[in-house]
Amino acid sequence: MSHPHPELGAPPALPAGGLRIVPLGGLGEIGRNMTVFEFEGRLLIVDCGVLFPESEQPGVDLILPDFDYIRERLDDVVGIVLTHGHEDHIGGVPYLLRERPDIPLIGSRLTLALLEAKLTEHRIKPTTVQVREGESRSFGPFDCEFLAVNHSIPDALAVAIRTPAGLVLATGDFKMDQLPLDNRLTDLGGFARLGAEGIDLLMSDSTNAEVPGFVTSERDIGIVLGDVLRIANKRAIVACFASHVHRVQQVLDAAHLCGRKVCFVGRSMVRNMGVARDLGYLRVPAGILVEQKEIDDLPPEKVILVCTGSQGEPMSALSRMAGRDHQIRIEQDDTVILASSLIPGNENAVNRVINGLTRWGAKVVHKGNALVHVSGHAPAGELLYVLNMTRPGNFMPIHGEWRHLSAHARLAALTGVPDENIVIAEDGVVVDLVDGQAAIVGAVRAGYVYVDGLSVGEITETSLKDRRILGDEGFVSVVIVVDSSSGKLLGGPEIHARGAGIESFDAVIPRLEEVLETAAADGINDAHQLRQLVRRAAGRWVNESFGRRPMIIPVIVEV
């Protein structure tokens, strides 16, 4: 089983007839999925998603894959295959198209429609190639065959990529619901057919590799949702992903049965459900939808709100309702249903929202206390099924944190894939498929690229470290006026603090005056050196007196 070594160097030239695979995101994390395939000088990209920031990335809106590896070779890109319409697979596309707007976007009808709606906001008119399951299309030297898979969004696809180097099957995100709401099954026959042809490399979704067994059908949720909504005696608020068309369909069906009206709340929810409805993926019973401004005129027991915020995202509708910062006020006996998974790392944010909602008197139903969500990802039983059906020559787990990739690799070993043919890679690790053997050959840079407001990539790890210090410890500014020729103190020190928890600086002023006098006597008049001396002296005093380490910003004014 080959793991990436921390000292991996730059990869060698790709051997003639070999296929190079470079994951730029999605391995070692849940999100930011992006993989680059290279054959004979041409590049095919599969997915281009975003990762949502955690608390140690303050102020960051989105995290993108690092496009550096392909930036000089954008003209070699023959297309971007998008397996499905989730943000962690399509969210990075607008940022890549800024660098070359005419890269063909290849995807299913719904995936492209959701992406085009997003690109309109970025004022980008894309070049699109709509495909559907059962179709094969060639893009440069890559012959792609698309297969239906089911997931927590309709119209998801797996892609089989054929080149003279071999056949690769990338599953995308998938599960094997045997009774999906749209009757569109994961194409097990297609997987088996490719397996019989001979899959040289299987790249399969690892998200639930640690979860035993088989997935519960989406249909089972509809029954529970219906029961919860029927006994709710006031308003019901359902929070789910803005792309989970099946979950929203179940809410609409349940609302229809119990005579309630439905209102979509939140820009992304309104936009995506409008797209899904226009294309026929969402069937809306006549007269059931109402606008937000109409809900106050309806009796509370006749209303269901569908909103975003099931992950505790700070600016989402549900978080703002919990914090009393939204036009919609949570009231005693409202029922809130969190109809989604809990993405690792979001537990604290979600608990904060649940507590906020409960405080205002709401009853909160979530997957911990009712069957209101099933995952969109195949658990271990289904992953074994796919491994046995496809019998790949080589195996590379994708889409998951380290623990998920590792668990999936163990499953592959159990089904008989030889250890030397199992490759556990992470972002930036270069894997070559040559003469039927996959192997790690090097690594390229694949760091996080932060989007903050309008800036892309300008915020660095250093600036985030500064933000964390400011957030945790506050800052102290020291303003000093000195004579530019002699370095002598002419005014100050004037000291201000924010968030540092220090009221008085009387005790440190003599220390600073002494440091500056000594410096002047030693002929130090360079502003940079004076700043260092002031920073050290003030920092030492704050640490000795208060045990804190705020950011200290000396300002030297020379006159």
Point to revise | Minimum side-chain heavy-atom gap Met203-Pro23 below 4.5 Å | key: no
Review point. Which pairs, with at least one residue in residues 251-261 and sequence neighbours excluded, count as a side-chain hydrogen bond (donor to acceptor under 3.5 Å, both in side chains)?
Key: Gln249-Asp253
Practice item. Classify the side-chain pair Asp205/Thr171 by whether it contains a donor and acceptor separated by less than 3.5 Å. Key: no
Review point. What are the two closest heavy atoms between Thr335 and Ala232, and how far apart are they?
Key: OG1-CB, 3.5 Å
Review point. What distance separates Ile124 CD1 from Asp102 CG, expressed to the nearest 0.5 Å?
Key: 11.5 Å
Review point. Taking all atoms of both residues into account, what is the closest heavy-atom pair of Leu51 and Gly31, and its distance?
Key: CD1-CA, 3.9 Å
**Study point:** Working for side chain to side chain contact (heavy atoms under 4.5 Å, CB included), residues Leu387 and Leu414
**Key:** CA-CA 10 Å; Leu387 282 157; Leu414 289 172; over 6 Å; no
Check your understanding: What distance separates Thr35 OG1 from Leu27 CG, expressed to the nearest 0.5 Å?
Key -> 7.0 Å
Check your understanding: Is it true that a side-chain atom of Arg247 and a backbone atom of Cys240 form a donor plus acceptor pair closer than 3.5 Å?
Key -> no
**Study point:** Lys363 atom NZ: more than 12 heavy-atom contacts under 6.0 Å
**Key:** no
**Study point:** Distance-minimising heavy-atom pair for Leu338 and Ser310
**Key:** CD2-CA, 4.4 Å
Point to revise | Among Val238, Leu282, Val262, Asn272, side-chain contact (heavy atoms from CB on, under 4.5 Å) partner for Val248 | key: Leu282
Point to revise | Step-by-step side chain to side chain contact (heavy atoms under 4.5 Å, CB included) determination, Glu145 to Arg193 | key: CA-CA 12 Å; Glu145 180 184 340; Arg193 173 175 52 75; 2.5 Å; yes
Exercise for review: On the 0 to 90° scale, with breaks at 30° and 60°, tag the His399-His89 ring pair as parallel, tilted or perpendicular.
Suggested key: parallel
Practice item. For Gln178 and Leu185, indicate whether the former's side chain and the latter's backbone hold a donor-acceptor pair under 3.5 Å. Key: no
**Study point:** Heavy-atom closest contact (Val270 atom, Phe264 atom, distance)
**Key:** CG2-O, 3.7 Å
Check your understanding: Can any side-chain N or O of Gln250 pair as donor or acceptor with the backbone N or O of Glu218 at less than 3.5 Å?
Key -> yes
Point to revise | Under 3.5 Å: donor-acceptor pair, side chain of His326, backbone of Ile328 | key: yes
Review point. CD1 of Ile106 to OG1 of Thr111: how many Å apart, nearest 0.5 Å?
Key: 12.5 Å
Review point. Any donor and acceptor pair, going by atom type alone, linking the side chain of Asp173 with main-chain N or O of His84 inside 3.5 Å?
Key: no
Exercise for review: If a pair satisfies salt bridge (Lys or Arg N to Asp or Glu O under 4.0 Å) and one of its residues is in residues 116-135, list it, with sequence neighbours excluded.
Suggested key: Glu87-Lys118, Glu121-Arg267, Glu121-Arg271, Glu133-Arg184, Glu135-Arg137
Practice item. List the steps, then state whether side chain to side chain contact (heavy atoms under 4.5 Å, CB included) holds for Val275 with Leu110. Key: CA-CA 8 Å; Val275 168; Leu110 180 64; 4.3 Å; yes
Study note, to complete from the structure: d(Leu24 CG, Cys48 SG) to nearest 0.5 Å is 9.0 Å
Practice item. Step through the shown structure and confirm whether more than 12 heavy atoms of other residues, nucleotides or ligands are within 6.0 Å of OH on Tyr385. Key: no
Review point. Any ion pair linking Glu210 and Arg403 (charged N to carboxylate O, less than 4.0 Å)?
Key: yes
Point to revise | Asn208 vs Val215, side chain to side chain contact (heavy atoms under 4.5 Å, CB included): CA-CA, chis, key distance, verdict | key: CA-CA 10 Å; Asn208 278 347; Val215 84; over 6 Å; no
Please tabulate, for side-chain N and O atoms in residues 289-307, each donor-acceptor pair with protein atoms closer than 3.5 Å (sequence neighbours left out).
{"unit_1": "Glu294", "atom_1": "OE2", "unit_2": "Glu291", "atom_2": "N", "d": "3.0"}

Check your understanding: Just by modelled atom types, is the Asp325 backbone N or O under 3.5 Å from a matching donor or acceptor in the Arg320 side chain?
Key -> yes
Point to revise | Heavy-atom pair with the smallest gap, counting every atom of Val365 and Ala370 | key: CG1-CB, 3.6 Å
Review point. In Å and rounded to the nearest 0.5 Å, what is the CG to OG distance from Asp177 to Ser152?
Key: 11.0 Å
Review point. Do you know which two heavy atoms are closest between Asp66 and Arg32, and how far apart they sit?
Key: N-NH1, 4.2 Å
Review point. About how many Å separate CD1 of Ile237 and CD1 of Ile337, when rounded to the nearest 0.5 Å?
Key: 10.0 Å
Check your understanding: Taking the side chain from Thr186 and the backbone from Asn150, do they hold a donor-acceptor pair closer than 3.5 Å?
Key -> yes
Check your understanding: Think Arg324 forms a cation-pi with Trp360, using NZ or CZ under 6.0 Å from the six-ring centre and within 45 degrees of its axis?
Key -> yes
Review point. Does the side chain of Val93 reach to within under 4.5 Å of the side chain of Leu115, using non-hydrogen atoms?
Key: yes
Review point. Can you check whether Glu313's main-chain N or O pairs, donor with acceptor, with Ser319's side chain at less than 3.5 Å?
Key: yes
Review point. Would you say His404's side chain and Glu401's backbone share a donor-acceptor pair under 3.5 angstrom?
Key: yes
Check your understanding: Under 6.0 Å between the ring centres of Tyr95 and His122?
Key -> yes
Practice item. Without swapping roles, check the side chain of Ser206 against the backbone of Ile398 for a donor-acceptor pair under 3.5 Å. Key: yes
